[in-house]
**Student:** 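Sharing a structure below in structure tokens format, with a few things to ask.
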There are 2 protein chains.
Amino acid sequence: MATVKATPGLDDYMAALEGRLRETVASHPGTVADAGAQALAAGGKRLRPLLVFLSALDGADPIPVGVAVELVHMASLVHDDLIDRAALRRGRETAWRTHGSSGARGTGDYLFARAFSELAATGDAEGVQLLADAALALARGEALQHAQAHHPETTEEEYLGRCSLKTAELFRAACLLGSRDPALGRFGLALGIAFQITDDILDCTGSTIETGKLAGNDLREGTPTLPLLLAAREDAVVREALAGGPLDGALVRVAGTGALERAREVALEYAAEARSHLDGGGFRPELEALTHIVVERRN
Amino acid sequence: MATVKATPGLDDYMAALEGRLRETVASHPGTVADAGAQALAAGGKRLRPLLVFLSALDGADPIPVGVAVELVHMASLVHDDLIDRAALRRGRETAWRTHGSSGARGTGDYLFARAFSELAATGDAEGVQLLADAALALARGEALQHAQAHHPETTEEEYLGRCSLKTAELFRAACLLGSRDPALGRFGLALGIAFQITDDILDCTGSTIETGKLAGNDLREGTPTLPLLLAAREDAVVREALAGGPLDGALVRVAGTGALERAREVALEYAAEARSHLDGGGFRPELEALTHIVVERRN
């Protein structure tokens, strides 16, 4: 994200954000602080706090909001990995592998509560409400993912609904928390969907070294992502693999159906939609750059 | 709790609270709403919202605060049952048994987020901070419970620390959210510890019909509660059972050591301490009644 890093004030913001995240997570020593620090050290793109910064009005302090949004994101990852029994996240061992189920559950709840605590300390009750709505969406999206698991007949619309809940609503909240501008909210929602589709394509194509995750995870879990559900329509082997059948060779066949390219077209459409919401709004140009970066990234 | 039910306005409050809890949980149809409704229908004493009502200053609306506190409590129960793989809660099947791990995880996160959402909607940022701190304590207490599991040498002090985090901090928050009076905060903390010790005694003595739980759960889980750790000091069979050894006959031996009576004395001391914090404060007399009720209850 070199393009975005040249923005005045951004380096300071990102450094302050990391410092504040570290302090927040360390505030109560014990398992939850250790597991929280582990989740934090694993890094991540800090894309949601970046959205807060780039959306924020002059004069507003984007640090507590950025911290809160990132903590909700981290909490959801810790809980996701626990439920999915994922072994790796960003190339590192996940919290439940190191600290057990209860450690991971406590850590997720702790990060979640800290997020609301940080935001509440600013006195912004409307902001807390926005974040709570996004957190609700996350929980509903995760439940929907499990309801849709092993259902290759999941429609594109159902998939997009899940993306909104699981990913894009928090992007929207990050933009709205910074600005309270509905246009930026719509931008965030479309950007989040473009981001998630790209993530799902990378799961089919990426190497562990680039993405920090094991490739083909969605197929193994039976999660009907856009590339997988498009491929399943064309290829019976993929369809059966997605429904819970044998996985051998199925991932290679996904690529053979052209589903990756078609999914990419949809991601590009959402990126273009995100750009359209910026038109004439006088927003920071880095937001437009992000609509390209999220679909061009390799991890 | 017949004594308390005669309080003017309380029946209306409790009815309104139940209605609002139902609406809140049902606001987004799907697994999380279904599982939330199930957790809600299982009932419970609604002791924390009762504390909010009895502590609240005249003119304040105790409904959103009571809802928020109860939702945090419900969220923690759903997550506890998931991690502990408990089959029954209040005589009903637990959320993870009906809706699976991801359903229960999503439900807990959803209830948690709704709690903050309800409270944030009142515009009370300080209150959100108080509730977030209590939620942090809950998560830390749950992690501590697992760290202490199968350690019969856990000290009384360590046990009491865990009780504060897992139970009493939310009692304190309920009292403080209603009143912002530090004396009532101290009352809530002591009351919560008395309540938890009594719970732990009931786990050794209660029948499933009375408590809605399977008796002896703590011993099976290796949770060093006050009666169990006191009994373990006197009886090698209990000590080994608590450390993860054979359970046969151990629960009966707990009673034989006199540990139940000694634990009850400690509970009564905390109930007395709770009463002392009410002295001269001009608080509602029902609060004093509660200090007797929590230690005399059978479920």
Side-chain angles (χ1 to χ4, degrees), chain A residues 27-35 72 75-76 79-80 82-85 96 99-147 149 165, chain B residues 27-35 72 75-76 79-80 82-85 96 99-147 149 165:
Chain A
S27 63
H28 296 285
T31 300
V32 288
D34 292 349
V72 164
S76 81
H79 279 173
D80 280 1
L82 164 64
I83 298 302
D84 297 341
R85 300 283 153 190
W96 74 272
H99 297 280
S101 294
S102 67
R105 169 261 200 241
T107 303
D109 287 357
Y110 169 88
L111 295 174
F112 214 10
R114 287 301 301 183
F116 288 100
S117 176
E118 289 288 319
L119 197 54
T122 68
D124 176 9
E126 188 190 74
V128 174
Q129 180 83 45
L130 274 171
L131 188 65
D133 289 345
L136 283 179
L138 267 174
R140 293 172 62 214
E142 174 69 6
L144 201 54
Q145 178 164 323
H146 286 265
L165 290 171
Chain B
S27 64
H28 296 283
T31 301
V32 289
D34 291 349
V72 164
S76 81
H79 278 173
D80 280 0
L82 164 63
I83 297 301
D84 297 341
R85 301 281 154 191
W96 76 270
H99 298 280
S101 294
S102 68
R105 170 263 201 239
T107 303
D109 286 357
Y110 169 88
L111 295 173
F112 215 10
R114 288 301 300 183
F116 288 99
S117 178
E118 288 288 319
L119 196 54
T122 67
D124 176 8
E126 189 189 73
V128 173
Q129 180 83 46
L130 274 171
L131 188 65
D133 288 345
L136 283 181
L138 267 173
R140 294 173 62 214
E142 174 68 7
L144 201 55
Q145 179 164 322
H146 286 265
L165 291 171

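Naming convention: chains lettered A, B, ... in sequence-line order (proteins, then strands); numbering from 1 in each chain.
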**Student:** Side-chain atoms of residues 131-142 of chain B: list all donor-acceptor pairs with protein atoms under 3.5 Å, sequence neighbours left out, distances to 0.1 Å.
**Tutor:**
unit_1	atom_1	unit_2	atom_2	d
Arg140(B)	NH1	His28(A)	ND1	3.3
Glu142(B)	OE2	His146(B)	NE2	3.1

**Student:** Once the angle between the rings of Phe116(B) and Phe116(A) is folded into 0 to 90°, is it parallel (under 30°), tilted (30 to 60°) or perpendicular (over 60°)?
**Tutor:**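 Phe116(B) and Phe116(A): parallel rings.
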**Student:** At a heavy-atom distance under 4.5 Å, which candidate from Gly106(B), Ala143(B), Ser117(B), Ala147(B) has the highest pair count against chain A?
**Tutor:** Ser117(B)
**Student:** With the side chain counted from C-beta on, respond yes when His79(A) and His79(B) share a heavy-atom pair under 4.5 Å apart, and no when they do not.
**Tutor:** yes
**Student:** Check whether Ser76(B) gets within reach of chain A through its side chain, its backbone, both or neither, counting any heavy atom under 4.5 Å.
**Tutor:**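 Both the backbone and the side chain of Ser76(B) come within 4.5 Å of chain A.
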**Student:** Can you tell me how far the CG atom of Leu119(A) sits from the CD atom of Gln129(A), to the nearest 0.5 Å?
**Tutor:**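 Atom-to-atom, Leu119(A):CG and Gln129(A):CD are 11.5 Å apart.
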**Student:** Identify which of Thr122(B), Leu130(B), Asp124(B), Asp109(B) forms the greatest number of heavy-atom pairs closer than 4.5 Å to chain A.
**Tutor:** Asp109(B)
**Student:** Please determine, among Ala115(B), Ala121(B), Ala113(B), the option with the most heavy-atom pairs under 4.5 Å with chain A.
**Tutor:**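 Top option by heavy-atom pairs under 4.5 Å: Ala113(B).
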